[in-house]
Every structure is written in structure tokens, then in C-alpha cells.
Q: 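Quick one: the structure is below, questions incoming.
Model, not experiment: these values are computed from the prediction. Per chain, numbering begins at 1; letters A, B, ... match sequence-line order.
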2 protein chains.
Amino acid sequence: MSGSHGDGQNLGLLCFYPHRAMEARVLAAVAAAGHGHITPAQGRIAARIGPRGTRLTDLAEQALVTKQTAGHLVDQLERAGYVRRVPDPTDARARLVQMAERGLEVVAIARRVEAEVEAEWTAHLGEEAAAQLRTALTRLREITDPYR
Amino acid sequence: MSGSHGDGQNLGLLCFYPHRAMEARVLAAVAAAGHGHITPAQGRIAARIGPRGTRLTDLAEQALVTKQTAGHLVDQLERAGYVRRVPDPTDARARLVQMAERGLEVVAIARRVEAEVEAEWTAHLGEEAAAQLRTALTRLREITDPYR
DNA sequence: TGACGTTGGTCAGATCTTCTGACTTGATAG
DNA sequence: CTATCAAGTCAGAAGATCTGACCAACGTCA
């Protein structure tokens with residue numbers, strides 16, 4: 001539901017291609033490193049886990065899915081040993097989802113591949129245009145990401 | 001599976017927010033116009049139907065889904081009256097998926113909302129930065145979209 | 001012209017993702 | 001202390017997507 005054909009594609013659709021390409025590259029590298037098969041949905045949740053752990057509700061909100069969906073995906077990640085749930089010391093109702101050791105390995109791979117891909121993009125666009133792109137997207141995020 | 005936290009987010013993730021925002025706005029407007037509920041997946045297929053119709057296989061390829069998935073989504077769109085399948089005069093095996101009248105109404109709404117959203121973005125970024133953003137994304141597409 | 005590999009598309013079955021609604025338990029404000 | 005709100009879970013259903021197996025029409029090359 002977006003995108004005329006030919007040259008003048010709408011900006012929303014134009015944003016889609018790089019995102020898809022990046023996600024595919026990261027997922028492929030993680031799989032190639034022997035970490036079985038992490039699904040895109042699992043990845044999108046996992047990518048939002050903060051250094052000290054994050055509440056399920058917060059993960060759901062940031063990823064724009066329901067608590068149930070987030071809970072289900074965390075179940076899968078937990079079963080596979082990538083994350084763990086620990087009690088939140090500040091609220092007995094809540095639990096924090098934290099990266100486990102195995103999860104940290106995957107994060108390291110993801111960061112490396114992200115850097116590689118960005119380098120390729122920068123090489124294609126040139127330093128200056130790449131920097132401008134980052135600036136513009138960051139500013140655009142101010143009005144397109146409800147969970148900054 | 002992408003994205004550090006804080007400021008320095010990776011470009012792939014930064015691309016995600018505008019895309020998501022655009023898709024959500026278009027879908028909301030279509031729903032508000034009384035066109036029941038078109039799902040994101042249906043929209044992504046429908047958006048790739050050309051003016052004279054497009055083969056299922058081509059739709060699947062461009063949307064990066066299997067023929068089966070594309071066929072399933074076209075079934076739904078056809079049942080809802082948004083598209084129709086007609087025989088391809090040049091190949092008896094193939095059929096062309098074309099927009100029906102009802103579908104064209106939706107396309108018109110989508111185009112209008114896309115333009116509105118782009119105008120908002122341009123207002124936020126400034127004319128020049130918006131133009132540069134479009135240029136950079138278009139060039140990036142050269143290396144991130146396998147089906148240009 | 002007819003056998004063979006290719007291409008457009010469907011059928012069947014499975015898995016993954018996501019949602020709505022109802023519920024439990026703990027936190028918090030009057 | 002009670003009414004309400006927030007964090008999560010349970011249950012069930014609908015969507016979206018995949019793999020594998022098939023069929024029919026196309027194109028080609030001997």
C-alpha cells in the first residue's frame with residue numbers, strides 16, 4: 001500500500017528497501033554463524049532489549065505489537081537460550097527480559113554485520129551523502145517514531 | 001535484529017520508522033474511507049499491480065514472497081472485489097491481476113495520503129534536505145532492491 | 001514435430017506471527 | 001481499605017508465509 005511505479009516512488013516505500021536489505025543480511029549472518037534460525041519477529045523484539053533488561057510491556061510498545069505477541073516471541077527466545085526473565089526488583093508484578101550469554105553472541109554478530117553493510121552503503125553513496133542521509137533519517141524519526 | 005540503543009542507530013533501522021509510519025497512515029486512511037480492512041500484506045501486493053495488470057509471479061517476485069503467498073493474498077483481494085484476474089492474451093498459462101473499480105478507489109486514496117505525508121516530512125526536514133533524502137534513498141535502492 | 005527443460009500457477013499442509021478477549025496478581029490513589 | 005490501574009498470562013482464532021508436490025502451457029532444438 002504505497003508506491004507508484006517507475007522512478008518517482010514515495011519516500012515510505014524507498015525507505016523499505018534498505019531496511020529489508022539490512023534485516024536480511026543480519027539474519028543471514030546470524031544463521032550462518034550456526035545460530036539456527038532466528039525469525040525476523042524474534043529479532044525485532046530482541047533488538048530492543050536494553051543492557052540491564054527491559055520489561056515485556058516496553059518491548060511490546062516499542063516494537064508496536066501486543067503484549068501477548070511480545071510474550072510469545074520472548075518465550076521462544078527464552079526456550080532457545082537467547083534471553084532470560086528475571087524479577088524486576090522495583091515492581092513485583094514485572095519481570096525484566098535480559099540477554100543471556102548466547103544472546104550476546106548474536107548481538108555481537110549483528111553489530112558487526114550492521115557495520116559492514118553501512119560501510120558498503122557509504123561506499124556507494126559517498127561519505128557526505130551518507131552522513132546527510134543519517135541526519136535526515138534521524139530527524140524524520142522525530143515525527144515518525146512514537147516511541148523515541 | 002538491528003539497532004543499538006540511544007542515538008547511534010543503524011541506518012537499516014532508521015529506515016524502518018518512516019516506512020512503518022507511511023504504511024500505517026495509508027492503511028488508516030483507507031479503512032477510514034470505509035474500505036473495511038485491507039491488511040498490510042494485501043496492500044504490499046496490491047501496490048505492485050501495474051496499470052495494465054501484472055502477473056502473479058511478478059507480484060510475488062517484487063514483493064519478495066513466494067508465489068503461493070502472493071496467490072493467497074490475491075485470492076483475498078479478489079474476493080473483496082479490489083482486483084480481478086483476466087487471461088494474459090500473450091500466454092495461455094498466465095493470468096494478469098488487474099485493479100477493479102473498487103481497487104482504483106483505494107489506490108486514489110493511497111496516493112493522496114502518500115502525498116500528504118511526504119508534504120509533512122518535507123515541511124519537517126526542509127525542501128533541500130528532503131530532496132537529498134529522496135536522492136540518497138533512490139541511489140541506495142540500486143544496491144538494496146534486487147528487483148529494480 | 002516431438003521430447004525436454006522452463007515457466008506460470010495451484011493444491012496441500014505446516015509453521016510462525018499477530019490479534020481480541022478474559023483473567024490473575026500486584027501497585028497505587030483516595 | 002477499596003476502587004482502579006498496570007504487568008503479564010491463558011485461550012482461541014485469524015493471517016501470513018513457507019516447503020514440497022503437481023499440472024499445464026511455452027519454447028527450443030535436434
Q: Is T57(A) close enough to dA6(D) that one of its side-chain N or O atoms is under 4.0 Å from OP1 or OP2 there?
A: no

Q: For a quick check of understanding: with a heavy-atom distance under 4.0 Å over all strands, which category does D88(B) fall into, base, sugar-phosphate or nothing?
A: nothing

Q: In whole angstroms, how far is the P atom of dT18(C) from the CG atom of L27(B)?
A: 15 Å

Q: As a quick check of understanding, evaluate side-chain contact (heavy atoms from CB on, under 4.5 Å) for I38(A) and Y82(A), giving each step before the final call.
A: CA-CA 10 Å; I38(A) 292 186; Y82(A) 294 112; 3.9 Å; yes

Q: Can you check the D91(B) CG to dT7(C) P distance for me, whole Å?
A: 12 Å

Q: Report the distance from atom SG of C15(B) to atom CZ of R134(A), rounding to the nearest 0.5 Å.
A: 10.0 Å

Q: Please give, in whole Å, the distance from dG8(C) P to L59(B) CG?
A: 12 Å

Q: For L96(B) and dG8(C), give me the distance from atom CG to atom P, rounded to whole Å.
A: 12 Å

Q: Can you find a side chain N or O atom of R95(A) that sits less than 4.0 Å from OP1 or OP2 on dT9(D)?
A: yes

Q: Once you round it to whole Å, what is the distance between P of dG8(C) and CZ of R85(B)?
A: 15 Å

Q: Can you tell me how far CG of L73(B) sits from CG of L59(B), rounded to the nearest 0.5 angstrom?
A: 10.0 Å

Q: Name the one of R85(A), R102(A), R84(A) that satisfies salt bridge (charged side-chain N to carboxylate O under 4.0 Å, His left out) with E78(A)?
A: R85(A)

Q: Could you tell me how far apart K67(B) (NZ) and dC23(D) (P) are, to the nearest whole angstrom?
A: 14 Å

Q: For nucleotides 13-17 of chain D, print each protein N/O atom paired with a nucleotide N/O atom at under 3.5 Å, atom names and distance only.
A:
residue, atom, partner, partner atom, Å
dA16(D), OP1, T39(B), OG1, 2.5
dA16(D), OP2, Q76(B), OE1, 3.3

Q: Which heavy atom in V26(B) sits nearest to a heavy atom in E114(B), and how many Å separate them?
A: CG2-CG, 4.0 Å

Q: Hey, is the side chain of R93(A) pairing donor to acceptor with the base of dA6(D) inside 3.5 Å?
A: yes

Q: In residues 86-95 of chain B, what donor-acceptor pairs under 3.5 Å come from side-chain atoms, sequence neighbours left out?
A:
residue, atom, partner, partner atom, Å
D88(B), OD1, T90(B), N, 2.8
D88(B), OD1, T90(B), OG1, 2.8
D88(B), OD2, R55(B), NE, 2.9
D88(B), OD2, R55(B), NH2, 3.0
D91(B), OD1, R93(B), N, 2.9
D91(B), OD1, R93(B), NE, 3.1
D91(B), OD2, R93(B), NE, 3.4
D91(B), OD2, R93(B), NH2, 2.7

